[in-house]
Amino acid sequence: MKSWPTTLAILAILLAPPGLAEDFKTINGKIYKDATISRVEADGIVLKTKTGISKVYFVELPKNVRERFFSTPAKTVAPQREPKPEPTKPTGWRTTLANPRALIIFFGIIVIAAAVILIVRRRLQ
C-alpha cells in the first residue's frame, strides 16, 4: 500500500509548532504564559492566552520587547497650508483694456463693422 504521502502530511501537521507561543513579562511583574500575539496596535500588543485575550500597552513592556514590536512612529507631516488664492483676473472690459493686442483687435472689429454699415447704407440710398 502506497500511503507514504498521507503519512508524511500527517507527520508534518503533528510536528508543526503550535502558534509560536511565548512568555511575556511586564515591568510590573505580570507574566503572560504561552501567549500568542494576536495583533500589534499603535499603543500596544494584543495577546491570546489560555485565560483569554489581553492588551498590553507598550509602556508596560520591557525595552527589548517594546523595540521588537513598536516601530518608530512616522514623522508627523506638517499640515499643508492652503494655497494662496490667485489674484482675480480681470474680466469683461477690464480684460480688453489690460491686453493691448485684444484692444487693437476689438477696435479693429469696430472699425470694420462701422465701415461695412456705412457701405451698405450708401448702397441702399
Side-chain angles (χ1 to χ4, degrees):
M1 185 158 68
K2 295 184 178 183
S3 63
W4 64 270
T6 308
T7 307
L8 186 59
I10 292 172
L11 280 174
I13 291 171
L14 292 175
L15 296 176
L20 302 173
E22 298 181 52
D23 292 343
F24 288 93
K25 184 177 181 182
T26 63
I27 56 175
N28 298 332
K30 185 169 183 175
I31 299 174
Y32 296 91
K33 292 224 178 235
D34 295 326
T36 56
I37 300 166
S38 173
R39 65 182 177 270
V40 178
E41 295 180 348
D43 56 348
I45 56 175
V46 178
L47 302 174
K48 287 184 183 178
T49 61
K50 292 178 184 176
T51 58
I53 299 173
S54 304
K55 181 169 184 176
V56 182
Y57 293 98
F58 286 123
V59 294
E60 299 174 359
L61 293 170
K63 186 177 182 180
N64 61 347
V65 178
R66 196 177 326 143
E67 289 172 352
R68 190 170 121 199
F69 294 105
F70 182 64
S71 61
T72 56
K75 293 180 180 178
T76 56
V77 178
Q80 294 182 353
R81 295 181 185 165
E82 290 290 323
K84 291 182 180 178
E86 293 183 21
T88 55
K89 294 182 180 178
T91 57
W93 286 103
R94 289 183 184 175
T95 305
T96 307
L97 295 175
N99 186 355
R101 188 174 188 180
L103 188 63
I104 292 169
I105 292 172
F106 177 72
F107 284 119
I109 291 173
I110 290 176
V111 169
I112 292 172
V116 169
I117 291 172
L118 287 174
I119 293 171
V120 170
R121 192 171 177 191
R122 281 192 183 172
R123 296 253 173 154
L124 292 176
Q125 288 180 350

Please report the C-alpha distance between Ile37 and Phe24 in whole Å, then the side-chain angles of each, then the deciding distance to 0.1 Å, and finally whether the side-chain contact (heavy atoms from CB on, under 4.5 Å) criterion is met. CA-CA 10 Å; Ile37 300 166; Phe24 288 93; 3.8 Å; yes
Can you list the residues that meet the side-chain contact (heavy atoms from CB on, under 4.5 Å) rule with [X], with sequence neighbours excluded?
X: Val111; result: none
X: Arg101; result: Asn99, Ile105
X: Asp23; result: Lys33, Asp34

Atom [atom1] in [X], atom [atom2] in [Y]: separation rounded to 0.5 Å?
X: Ile45; Y: Arg66; atom1: CD1; atom2: CZ; answer: 11.5 Å
X: Arg122; Y: Ile117; atom1: CZ; atom2: CD1; answer: 13.5 Å
X: Phe58; Y: Arg68; atom1: CZ; atom2: CZ; answer: 11.0 Å
X: Tyr32; Y: Thr26; atom1: OH; atom2: OG1; answer: 6.0 Å

Using a 4.5 Å cut-off between side-chain heavy atoms of Ile, Leu, Val, Met, Phe, Trp and Tyr, which other residues end up in the same hydrophobic cluster as Ile31? none
In the hydrophobic clustering that connects Ile, Leu, Val, Met, Phe, Trp and Tyr at side-chain heavy-atom distances below 4.5 Å, which members other than Val120 occupy its cluster, ordered by chain and number? Ile112, Val116, Leu124
Could you list the donor-acceptor pairs under 3.5 angstrom formed by side chains in residues 49-56, with sequence neighbours left out?
from, atom 1, to, atom 2, distance (Å)
Thr49, OG1, Thr51, N, 3.4
Thr49, OG1, Thr51, OG1, 3.0
Thr49, OG1, Gly52, N, 3.4
Thr49, OG1, Gly52, O, 3.1
Lys55, NZ, Glu41, OE1, 2.4
Lys55, NZ, Asp43, OD1, 2.7
Lys55, NZ, Asp43, OD2, 3.3

Is Glu22 paired with Lys48 through a side-chain N to carboxylate O contact shorter than 4.0 Å? no
Please determine whether residues Leu61 and Val46 belong to a single hydrophobic cluster, defined as Ile, Leu, Val, Met, Phe, Trp and Tyr linked transitively by side-chain heavy-atom distances below 4.5 Å. no
Assigning hydrophobic clusters by single linkage (Ile, Leu, Val, Met, Phe, Trp, Tyr; side-chain heavy-atom cutoff under 4.5 Å), is Val59 placed with Val65? no
